[in-house]
Enquirer: 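Encoded as structure tokens, here's the structure I'll be asking about.
Everything numeric here is computed off the predicted structure, so don't read it as measured data.
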2 protein chains.
Amino acid sequence: MNTIKNLHVHSTAAPNSLKAAVGSSLNCYTRKHCVACKLGDIHLSQFERLGKRRVLRKGEQLFRQGDTFQSLFVVQSGSVKSSVVGDDGEEQITGFHFPGDMLSVDGMDSGQQTYSAEALETTSICEFAFRDFERISESMPDLKSQFFKVMGKELSREKKRMLVLGRMRAEQRLATFILDTSRELRSRGQANDSLTFSMTRQDIANYLGLAVETVSRLLSQFAATDLVRVQRRSLEVLDRPNLENLAQGFQPTAQLIARSA
Amino acid sequence: MNTIKNLHVHSTAAPNSLKAAVGSSLNCYTRKHCVACKLGDIHLSQFERLGKRRVLRKGEQLFRQGDTFQSLFVVQSGSVKSSVVGDDGEEQITGFHFPGDMLSVDGMDSGQQTYSAEALETTSICEFAFRDFERISESMPDLKSQFFKVMGKELSREKKRMLVLGRMRAEQRLATFILDTSRELRSRGQANDSLTFSMTRQDIANYLGLAVETVSRLLSQFAATDLVRVQRRSLEVLDRPNLENLAQGFQPTAQLIARSA
DNA sequence: CGCTCCCTTGATCAAGGTCAAGCTTGGTGG
DNA sequence: CCACCAAGCTTGACCTTGATCAAGGGAGCG
């Protein structure tokens, strides 16, 4: 939940240009997910030759921390995890990314990627040379403004994540994760209360700053109290209100206490 | 450690214009801290009427989470803490900000402030209307590019913070905090190994996701092992190498083990 | 002078990490 | 097509870290 979200490149004025550039498989689920769709009737055909399609298999890396920054990436299908490693080699997953999310903007400052990105499943990506982006956006100042908004959104998202990592107990973290992921996937057109994880429990645990065992135990507990139904990588939210209570750190209802005791 | 850093507005071509706009007390410590100094000989006088000076006393808020976003702020002197609150009212301090740091960029997306900012001491701030910024930057595309870099830097900083909050043990967190803060203040011209905190222990603890008592105990312990010398709000780094070891999670040296046992 | 806020230190406790073991499942090769 | 293997997941037992509770000390301010 920790990416440049909502960077769907959607063309209104020129239906085929951008979409074609980005690749045919990209669907623009909603208007508000678009960077380009707010640009009005600006001529978009300049983008036509920009996008380069790329397919990664599970486990393949899109880029690594330290790589030279030269491209912006947009996830078209599949999913990606991003992570940073500390001096000691400790790895922290910083986000999971779904179709429409943009990757690698951090690098603009240093000229280096500040994190690594790896496909969680077979994933297709659209790559734009940053050089081209800069050149073209000079004649389209609104595009840059739109980017500010996107980056601002990302910044505020990361701040919320600090709340999760800094203040929440394990239960809250997991409940929050489930709700956020559910919302995230729902906004991309998936079914209402059921979702399928592309990441392992280990990934989830790392992302939440917990041990795998804790995640596993809590999922079992959530299932035992009928908050969710879990089977392997697929999860169904059964009791959203109580899950939200948990996420906010409220005491579980009496019913829950009884069951989980 | 979690702001838009290094937004010193420094004029090269027109020595008095920007600097005057920002306020006379702002010093541009180093070249690389500047947004504007990379703009070359672009005419900067347009900024002249932009900045509005504002002074806050300790405890006063610059803005609150949820406020309408309409300005960008640059810290000129003093210091500021920023924080987010969750649905449950839990507060998480997301960063401390020093002269040259920019505040409130997150709001560009939603039109609302996504966090609150409060002065830690008497602090002077320069306020720019975002509207003006946008208008002017249309004729100065480099200014926007510079902003991308600044925001990219901020994003990568927040990612590092996830590593702190998600993976590090208390000792590591505090050691990291001391080193980061020291570096931060050093780059602003303060003495090499001594620093003075403007924030309370409670603030530090909250920022690091710890309890006050833990911070207090660890500081005492660091002092007992001659890593630092502490007196009230002032701290002197005595043994940087071993502090760095601690920050990276390495076992303390034999000497340290003996002493702290 | 005394009050309040901040900080420190000690004692106890619980959340969650670690270690260990076994189970499930999907992929691979025979 | 089946058997086996490795990777991932679950569950249990135990232990460590750091939170919580409690009490007291100092410094700045009215």
Enquirer: Could you check whether A:Arg233 and A:Thr200, counting side-chain N and O atoms only, form a donor-acceptor pair closer than 3.5 Å?
Expert: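 No pair is found: no donor N or O on one side chain lies under 3.5 Å from an acceptor on the other.
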Enquirer: So, are A:Arg157 and A:Glu154 salt-bridged, with charged N and O less than 4.0 Å apart?
Expert: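 Counted as a salt bridge, because a side-chain N and a carboxylate O are separated by less than 4.0 Å.
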Enquirer: Rounding to an integer number of Å, can you tell me how far A:Gln172 CD sits from C:dG16 C1'?
Expert: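 After rounding, the reported distance stands at 14 Å.
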Enquirer: With B:Ala205, which residues qualify under side chain to side chain contact (heavy atoms under 4.5 Å, CB included), at least two apart?
Expert: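 Result, side chain to side chain contact (heavy atoms under 4.5 Å, CB included) vs B:Ala205: B:Val215.
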Enquirer: Should the pair A:Glu60-A:Arg57 be classified as a salt bridge under the 4.0 Å nitrogen-to-oxygen rule?
Expert: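 Answer for the salt bridge query: no.
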Enquirer: Can you check the A:Leu218 CG to C:dG16 P distance for me, whole Å?
Expert: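 Those two atoms, CG and P, are 7 Å apart.
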Enquirer: Rounded to whole Å, how long is the line connecting atom CZ of B:Arg169 with atom C1' of D:dC15?
Expert: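 To the nearest whole Å, that distance equals 14 Å.
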Enquirer: Just to verify, what does B:Ser83 make a side chain to side chain donor-acceptor pair (under 3.5 Å) with, not counting sequence neighbours?
Expert: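 Listed in chain order: B:Glu91.
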Enquirer: How does each nucleotide of nucleotides 4-10 of chain C score, in 5' to 3' order, for protein heavy atoms under 4.0 Å: base (B), sugar-phosphate only (S), or none (-)?
Expert: --SSBBB
Enquirer: Find the distance A:Leu210:CG to D:dC9:P and express it as a whole number of Å.
Expert: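 About 15 Å, once rounded to whole Å.
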Enquirer: Rounded to the nearest angstrom, tell me the gap between atom CD in A:Glu171 and atom P in C:dG16.
Expert: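 After rounding, the reported distance stands at 8 Å.
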Enquirer: Can you tell me how far P of C:dA15 sits from CG of A:Leu208, to the nearest Å?
Expert: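 In whole Å, C:dA15 P lies 18 Å from A:Leu208 CG.
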Enquirer: Let me know the distance between CG of A:Asn206 and P of D:dG8, rounded to the nearest Å.
Expert: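 Rounding to the nearest Å, CG of A:Asn206 and P of D:dG8 are 14 Å apart.
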Enquirer: Does the pair B:Arg217/B:Glu213 count as a salt bridge with the N-to-O cut at 4.0 Å?
Expert: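 Salt bridge absent between B:Arg217 and B:Glu213.
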Enquirer: Let me know the distance between CZ of A:Phe197 and P of D:dG8, rounded to the nearest Å.
Expert: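 Distance, rounded to whole Å: 17 Å.
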